[in-house]
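Following: one structure in structure tokens, then a few remarks.
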Amino acid sequence: MTIDVPTTGRSLPQLQPISFIGADGRLTDTPTEGLRIPSDRTLTGLYRQMVLVRRFEAQVTHLTRQGRLATYPSAAGQEAAEVGATTALAPGDWLFPTYRDSAALLTRGVPVPEILAAFRGDWHCGFDPHEYHISPAATPLATQTLHATGFAMAAKLKGTDAATLTFLGDGASSEGDAHEALNFASVWQTPTVFVLQNNQYAISTPLREQTNATMLADRAAGYGMPGLRVDGNDVAAVFAAVTAALERGRNGDGPTLIEALTYRMESHTNSDDPTKYRDAEEVEHWKQFDPIDRLEKYLRQTGALDDAGVDEIAEAAETLAASVRDAMNTEAEIDPRELFAHVYARPRTALAEQQQVLEAELAAAGHA
Amino acid sequence: MSVETGTDSTTDPTAVNDETATAASASNVGSAPSSVTMTKALNQALRDSLAADDTVLIFGEDVGRLGGVFRVTEGLRAEFGSNRVWDSPLAESGIIGTAIGMAMNGMRPVVEMQFDAYAYPAFEQIVSHVAKMRNRTKGKVSLPITIRIPYAGDIGGVEHHSDSSEAYWTSTPGLTVVTPSNPADAYSLLRESIASDDPVVFMEPKPRYWMKETLSLPVTTAAMDRAQVLREGTDVTLLAYGPTVRTALDSAEAGAEHGLSVEVIDLRTLSPFDDETVSASVRKTSRAAVIHEAAQFGGYGAEVAARLTERNFTHLSAPILRIAGFDVPYPSPKMEEYYLPTVERVLDALESWDWEL
Ligand SMILES: Cc1ncc(C[n+]2csc(CCOP(=O)(O)OP(=O)(O)O)c2C)c(N)n1
Ligand SMILES: [Mg+2]
């Protein structure tokens with residue numbers, strides 16, 4: 001009896017994370033698997049967006065501490081992964097984010113009040129998914145990775161060239177749905193890019209208790225798809241890797257798993273206490289890999305950015321922060337009757353009856 | 001509508017596959033009335049839906065080449081191609097999760113969970129996303145997904161192959177839950193479910209897959225949110241759905257021999273519940289019992305009994321009874337005859353009422 005031995009097709013990602021711009025702001029000599037560094041012009045745009053995002057996250061976190069939002073998971077420290085990946089999308093592509101990815105929504109142009117609706121305690125996702133080509137942010141971990149795969153499958157069947165990108169965390173990578181999505185996407189060869197933001201923690205659980213794999217990107221090989229590990233704090237690497245992966249998908253060559261190594265600088269959400277599971281030195285250590293500092297150094301060296309440019313961007317960030325404050329100072333209008341409005345397409349008598357109960361309660365309480 | 005309730009093929013699933021195969025190969029669209037199994041009716045509903053709407057897609061475990069373990073999708077891959085009907089990797093959450101993405105991108109997926117208990121891995125996707133997407137997007141994203149789930153026992157299935165999972169789905173706002181009890185409804189309700197912009201959990205009663213009925217397809221029966229009075233009576237209302245409709249009809253027949261006039265209602269759609277039809281019947285008869293295979297505690301019958309009591313208390317002569325499975329895990333093939341609600345158990349329950357009231 002002979003067993004067929006495959007001769008091609010399997011390779012593991014390089015151990016060294018792909019990186020163009022090192023923590024010192026200088027070009028690295030890391031092999032980059034054929035990827036090319038984005039132009040200064042593109043990098044300047046990415047720098048600007050990262051600065052905006054950082055200010056946004058800081059402002060929202062601050063407002064959350066003041067009680068303006070019910071909860072907020074900040075992506076401070078992860079700006080390169082958020083912005084680099086999202087900026088690589090074409091307008092027709094769809095994004096499937098998690099609760100962590102408000103920065104990605106901001107980057108795709110969703111208005112601030114709409115991004116923050118759910119975190120303020122509203123019952124809906126805040127924006128029209130079809131308008132921004134963004135799925136409502138998923139909280140049930142890894143579930144959105146399957147939606148991204150299915151959406152891309154439909155795009156493929158319809159013959160459109162939309163690709164999909166989904167974010168997931170290191171913790172979420174342990175969920176069954178993450179496994180199922182990677183497998184389905186590879187079997188069906190869907191144009192899907194999985195951006196796994198490995199920020200070292202799932203709430204309090206460190207990576208080493210999440211996986212025994214050498215690295216999460218290795219999993220790609222088991223699904224028969226390319227896996228890449230990038231320095232997730234180098235926006236140039238993230239942007240280049242995601243751009244190439246989207247291109248692959250669009251060319252009919254299937255999905256890609258990209259592990260972006262990064263670090264969550266803030267607590268998990270405002271209600272978390274990180275002192276219970278990580279020490280201040282560790283956070284300090286990661287500060288030297290800051291995504292914004294290094295790009296600023298680099299762009300100053302190339303001459304693409306100067307003091308005036310940096311100041312102008314900082315000013316734009318302050319304007320954004322002011323608009324966030326304004327937005328959160330306005331009370332969102334709610335209509336309790338809307339509880340019943342969107343549950344079913346086909347109206348239900350029983351729901352209409354329950355709505356009457358609520359209407360009567362509202363009338364008794366003196367509401368219009 | 002003539003329903004042949006006497007077929008004994010339900011006890012022998014292997015014999016049945018041959019029968020289904022014959023029925024499936026005989027194409028009788030719009031033809032003269034002929035004998036149609038529920039499997040064939042479902043198969044034709046899928047075929048007609050695929051033909052009517054390009055966005056209808058069918059995928060799941062073994063639904064392509066094999067035509068499904070119950071042959072409900074038989075021949076569809078050959079007819080419509082593997083871009084419309086295909087075998088997916090084996091993962092139920094994956095099937096539902098990707099169906100969600102496809103529906104967001106304009107498709108109308110019809111997916112199969114191979115057996116009732118094997119829908120459980122997809123529970124999170126169904127409850128947290130399928131049911132809620134429309135609401136959390138203020139109606140901007142609807143998910144016209146049909147989730148076909150073969151359910152119920154009485155087929156000699158080994159463990160995990162005979163569950164009745166309806167209460168999990170009916171207690172989830174956002175889902176429409178449908179279950180036909182006969183071939184004509186199987187066809188019509190499935191067509192309507194696929195065309196619906198609300199997600200539908202379409203529960204197919206396995207023990208009735210091989211039930212035959214003389215009809216010509218396509219057929220349109222009552223709308224999917226309506227219950228149907230199958231037999232009129234004046235003394236008592238029996239409420240049943242899916243596999244227990246036959247039990248109810250047989251009980252009515254047996255009851256008649258004892259001088260009881262039994263009304264039988266096939267609920268057809270479990271969510272929404274047709275309060276109007278059912279309450280009208282209960283007000284007329286003043287007594288009702290609901291029959292299902294699933295365990296009694298917290299089962300669908302509890303909701304039925306409670307809402308009928310709330311709405312019709314002063315018209316009732318007796319408490320509404322639940323004639324259900326016992327509160328134990330669904331038993332092994334050798335034990336299931338002791339578990340399932342039978343005609344005898346139904347009649348005993350009716351006798352337990354004080355008929356002087
Ligand atoms: C299915 C599921 N289980 C548990 C949770 C609760 N939860 C929310 S975030 C989180 C940690 C996720 O960590 P990771 O995937 O690494 O993403 P990060 O928060 O670090 O961005 C947990 C356990 C959840 N949202 N969904
Ligand atoms: Mg994490």
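Lettering follows sequence order; numbering is per chain, from 1.
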Measure across [X] and [Y] and return the closest heavy-atom pair with its distance rounded to 0.1 Å.
{"X": "Ala138(A)", "Y": "His129(B)", "result": "CB-CE1, 4.3 Å"}
{"X": "Met102(B)", "Y": "Ala154(A)", "result": "CA-CB, 3.9 Å"}
{"X": "Ser88(B)", "Y": "Phe184(A)", "result": "CB-CE2, 4.2 Å"}
{"X": "Ala345(A)", "Y": "Asp197(B)", "result": "CB-CB, 3.9 Å"}
{"X": "Leu146(A)", "Y": "Ser93(B)", "result": "CD1-O, 3.4 Å"}
{"X": "Asn105(B)", "Y": "Ala155(A)", "result": "ND2-N, 3.2 Å"}

Gap between atom [atom2] of [Y] and atom [atom1] of [X] - 0.5 Å precision:
{"X": "Leu157(A)", "Y": "Trp86(B)", "atom1": "CG", "atom2": "CH2", "result": "5.0 Å"}
{"X": "Trp188(A)", "Y": "Phe59(B)", "atom1": "CH2", "atom2": "CZ", "result": "4.5 Å"}
{"X": "Ile100(B)", "Y": "Thr149(A)", "atom1": "CD1", "atom2": "OG1", "result": "11.5 Å"}
{"X": "Lys158(A)", "Y": "Met107(B)", "atom1": "NZ", "atom2": "CE", "result": "5.5 Å"}
{"X": "Ile96(B)", "Y": "Asp177(A)", "atom1": "CD1", "atom2": "CG", "result": "11.0 Å"}
{"X": "Asp225(B)", "Y": "Tyr344(A)", "atom1": "CG", "atom2": "OH", "result": "12.0 Å"}

Under the side-chain contact (heavy atoms from CB on, under 4.5 Å) criterion, do Glu180(A) and Glu92(B) qualify, and how do the steps go? CA-CA 9 Å; Glu180(A) 294 183 23; Glu92(B) 293 75 13; 6.0 Å; no
When heavy-atom pairs shorter than 4.5 Å are enumerated against chain A, which of Pro144(B), Ala103(B), Gly94(B) gives the highest number? Gly94(B)
Heavy-atom pairs under 4.5 Å with chain A are the metric here; pick the option from Lys140(B), Arg134(B), Met104(B) that has the most. Arg134(B)
Region of [X] that comes under 4.5 Å of a non-hydrogen atom in chain A:
{"X": "Arg84(B)", "result": "neither"}
{"X": "Ser142(B)", "result": "neither"}
{"X": "Ala99(B)", "result": "neither"}
{"X": "Thr176(B)", "result": "both"}

Just give me the residue among His130(A), Gln144(A), Lys156(A) that pairs up with chain B most often, heavy atom to heavy atom, under 4.5 Å. His130(A)
Which one, Trp123(A), Phe96(A), Trp94(A), leads in non-hydrogen pairs under 4.5 Å with chain B? Trp123(A)
Closer than 3.5 angstrom, by distance alone: can the side chain of Arg136(B) be matched with the main-chain N or O of Gly126(A) as a donor-acceptor pair? no
Would a distance-only check, ignoring hydrogens and angles, find a side-chain to backbone donor-acceptor pair under 3.5 Å from Gln125(B) to Thr143(A)? yes
Does some side-chain heavy atom of Arg348(A) sit less than 4.5 Å from a side-chain heavy atom of Ser271(B)? yes
Toward chain B, the part of [X] with a non-hydrogen atom under 4.5 Å:
{"X": "Glu353(A)", "value": "side chain"}
{"X": "Phe127(A)", "value": "neither"}
{"X": "Val343(A)", "value": "both"}
{"X": "Ala148(A)", "value": "neither"}
{"X": "Thr164(A)", "value": "neither"}
{"X": "Arg346(A)", "value": "both"}
{"X": "Leu351(A)", "value": "neither"}
{"X": "Ala142(A)", "value": "neither"}

Whether over 12 other heavy atoms sit under 6.0 Å from [X] [atom1]:
{"X": "Tyr168(B)", "atom1": "OH", "result": "no"}
{"X": "Arg311(B)", "atom1": "CZ", "result": "yes"}
{"X": "Glu276(B)", "atom1": "CD", "result": "no"}

